[in-house]
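When reading the values below, keep in mind they use all heavy atoms of this one structure, side chains included, and skip hydrogens, waters and symmetry mates. The structure displayed is predicted, hence computed values, not measured ones.
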Amino acid sequence: MAQKIQAIRGMNDYLPADTRVWQKIENTLKQILAGYGFSEIRTPIVEHTPLFQRAIGEVTDVVEKEMYTFTDRGEDAQSLTLRPENTAGCVRAGIEHGLLYNQEQRLWYLGPMFRYERPQAGRLRQFHQIGVECFGSSNPATDVETIAMAAQFLKELGIDNVTLHLKTLGSPASRQAYRQALIDYLLPMKDQLSKDSQRRLEENPLRVLDSKEKEDKAAVEQAPSILDYLDEESQAHFDAVRRMLEDLGVAYVIDTNMVRGLDYYNHTIFEFITEIEGNELTVCAGGRYDGLVEYFGGPATAGFGFGIGVERILLVLEKKGIELPIETGLDAYIAVLGDEVNEAALSMVQALRIQGFKAERDYLGRKLKAQFKSADVFAAKALITLGSSEVESGQVTVKNNQTRQEVTVALEKLKKDFPSVLAELGLA
């Protein structure tokens with residue numbers, strides 16, 4: 001027996017009914033992004049492995065456990081990785097194509113990312129991420145307006161019961177001082193930590209802060225706060241971010257245990273969190289990464305951005321019973337009577353489409369009752385019945401599919417001026 005062919009676990013198919021919702025989400029975001037001056041960038045889904053190892057950090061879950069890495073064919077046998085995120089790819093592209101030299105860039109992207117982890121609701125091995133990256137501005141106003149843009153996007157989708165969690169990681173110097181203080185605090189209780197946290201304690205102690213293991217949660221309850229180790233510059237930046245968020249009416253909570261899973265962040269980090277069936281779910285996350293461009297050989301360039309998982313948004317919409325307004329109906333459906341008018345029906349439906357209308361016709365030679373039912377299923381505004389008598393007379397009846405009002409018009413008028421026909425039927 002032949003092996004059953006099916007999708008890889010954690011890599012889902014999305015059927016037409018699903019993709020209509022995706023398109024609504026994407027179009028909503030695109031409209032907002034245009035208002036903020038963002039331009040789209042498209043980068044490969046495969047990059048050289050060292051790009052992610054260096055950018056994300058060697059001692060992170062993403063690099064240690066979750067990357068899809070393989071050896072390329074060919075004599076050089078390079079190590080390649082399916083992108084687990086795309087900030088690093090944007091930085092690489094910006095440097096390679098000279099986008100980041102003495103200029104500000106606002107970029108956005110949407111596409112699949114890949115992480116090997118246990119598939120569950122809202123967390124897949126192939127997931128789709130909307131991301132924005134602002135390059136060139138270290139102004140705290142950039143942090144605030146980008147966060148406000150994310151809040152606007154969620155509100156436009158009807159997701160309004162989210163909480164903005166805010167924190168700063170400070171400058172590299174502040175972070176280093178805090179890192180050592182955290183090591184000093186956790187070291188005496190090392191044996192009480194989970195195995196993962198014990199292993200990472202001296203290499204990446206900040207990861208202990210957001211561990212989900214109960215022993216780690218208990219250990220960090222009284223841990224020192226990064227807010228006590230900020231230098232003057234870091235404190236001023238964070239104070240400005242908080243003040244401007246308050247000026248814009250964007251509510252937030254300070255979350256001292258929040259840690260982004262990628263090592264390149266500094267200064268402001270944030271997450272928008274909502275509650276689903278008693279569990280907290282992050283729907284948007286990001287922050288500032290001022291040293292990343294320079295780290296990869298580019299010019300000193302400030303950066304700030306965020307990512308939104310589309311599958312997470314879909315899960316929230318589903319669980320909260322939020323239905324997005326999606327237009328799926330046709331402007332016209334053509335019921336076809338007999339094979340002899342097949343060519344005339346093709347000519348008519350194409351003429352309507354060329355005028356910019358959504359139109360469909362019957363191709364299967366079904367009975368009129370079945371075709372009329374299809375017009376209802378398609379939610380067609382207008383119903384046109386075309387048979388040999390209509391072709392011979394050059395006249396056709398067009399019906400308002402809701403009110404049943406009818407008008408008889410010349411075929412040529414229908415093909416050239418369908419808007420006036422719709423107006424006669426009260427459908428304009």
Side-chain angles (χ1 to χ4, degrees), residues 7-14 18-19 21-23 25-26 29-30 33 38-58 60-70 72 79-94 96 107-135 146 150 153-154 207 210 259-265 269-273 281-287 289 292 296 303-317:
I8 298 168
R9 184 168 179 255
M11 299 186 180
N12 291 356
D13 296 312
Y14 295 97
D18 305 312
T19 56
V21 181
W22 283 63
Q23 290 163 4
I25 292 171
E26 293 164 13
L29 180 69
K30 288 176 184 178
L33 287 165
F38 281 80
S39 299
E40 184 181 9
I41 186 171
R42 301 187 182 189
T43 61
I45 64 170
V46 180
E47 300 272 7
H48 291 104
T49 301
L51 174 70
F52 301 116
Q53 290 174 329
R54 294 177 61 193
I56 296 172
E58 294 274 6
T60 59
D61 283 347
V62 175
V63 171
E64 289 184 330
K65 300 178 179 180
E66 298 173 1
M67 294 204 313
Y68 279 92
T69 298
F70 59 95
D72 195 12
S79 177
L80 304 180
T81 294
L82 294 173
R83 62 186 184 192
E85 59 89 53
N86 204 30
T87 297
C90 276
V91 169
R92 191 269 310 150
E96 186 172 337
L107 306 174
W108 72 270
Y109 50 84
L110 187 154
M113 312 292 161
F114 302 85
R115 296 187 187 182
Y116 185 85
E117 51 188 342
R118 186 172 64 85
Q120 52 188 297
R123 187 183 294 273
L124 300 170
R125 291 175 178 175
Q126 175 179 298
F127 61 99
H128 296 75
Q129 190 175 78
I130 297 165
V132 306
E133 313 292 351
C134 307
F135 294 107
T146 309
F153 173 57
L154 296 173
R207 298 300 304 155
D210 70 342
V259 178
R260 302 298 302 124
L262 314 174
D263 276 358
Y264 51 64
Y265 285 108
I269 60 172
F270 73 94
E271 294 184 7
F272 280 98
I273 296 176
L281 187 71
T282 299
V283 293
C284 172
Y289 49 91
L292 190 58
F296 280 108
F304 190 92
F306 66 72
I308 295 177
V310 179
E311 284 87 351
R312 288 285 180 95
I313 294 293
L314 292 170
L315 178 64
V316 172
L317 293 175

Tell me, do [X] and [Y] make a side-chain contact under 4.5 Å, heavy atoms counted?
| X | Y | result |
| --- | --- | --- |
| N86 | I45 | no |
| M11 | L124 | no |
| Y109 | Q129 | yes |
| L314 | V21 | yes |
| I130 | I25 | yes |
| F70 | T81 | no |
| F38 | L107 | no |
| Y289 | E133 | yes |

For Y14, enumerate each residue passing the side chain to side chain donor-acceptor pair (under 3.5 Å) test, keeping only those at least two apart in sequence or located in another chain. E311
So which atom in C90 and which in I41 form the shortest heavy-atom distance, rounded to 0.1 Å?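 Smallest interatomic distance, heavy atoms only, reads SG-CG2, 3.8 Å.
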Give me the atom names and distance for the closest heavy-atom approach of T43 to A93. CG2-CB, 4.1 Å
With E26 via salt bridge (charged side-chain N to carboxylate O under 4.0 Å, His left out) - residues at least two apart: none
Could you tell me which residues satisfy salt bridge (charged side-chain N to carboxylate O under 4.0 Å, His left out) with R92, sequence neighbours excluded, listed by chain and number?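 Partners of R92 by the salt bridge (charged side-chain N to carboxylate O under 4.0 Å, His left out) criterion, ordered by chain and then number, come out as E47, E96.
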At what distance, to the nearest 0.5 angstrom, does CG of L110 lie from CH2 of W22? 7.5 Å
Nearest 0.5 Å, what's the CG-CG distance between L154 and L29?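 Answer for the CG-CG pair, L154 versus L29, is 10.0 Å.
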Is it the case that more than 12 heavy atoms not belonging to Y116 sit under 6.0 Å from its OH atom?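 No, not enclosed.
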Answer yes or no: is there a donor N or O on one side and an acceptor on the other, between the side chain of [X] and the main chain of [Y], under 3.5 Å?
| X | Y | result |
| --- | --- | --- |
| T146 | G305 | no |
| R115 | P84 | yes |
| R125 | F114 | no |

How far apart are the C-alpha atoms of R123 and R118, what are their side-chain angles, what is the distance that settles it, and do they pass the side chain to side chain contact (heavy atoms under 4.5 Å, CB included) test? CA-CA 8 Å; R123 187 183 294 273; R118 186 172 64 85; over 6 Å; no
Step-by-step salt bridge (charged side-chain N to carboxylate O under 4.0 Å, His left out) determination, E85 to R83: CA-CA 5 Å; E85 59 89 53; R83 62 186 184 192; over 6 Å; no
Please test L33 against F153 for side chain to side chain contact (heavy atoms under 4.5 Å, CB included), starting from the C-alpha separation and ending with a verdict. CA-CA 9 Å; L33 287 165; F153 173 57; over 6 Å; no
K30 vs W108, side chain to side chain contact (heavy atoms under 4.5 Å, CB included): CA-CA, chis, key distance, verdict: CA-CA 9 Å; K30 288 176 184 178; W108 72 270; 3.5 Å; yes
Could you go through F272 and I308, starting from their C-alpha distance and side-chain angles, then the distance that decides it, and tell me whether this counts as side chain to side chain contact (heavy atoms under 4.5 Å, CB included)? CA-CA 10 Å; F272 280 98; I308 295 177; over 6 Å; no
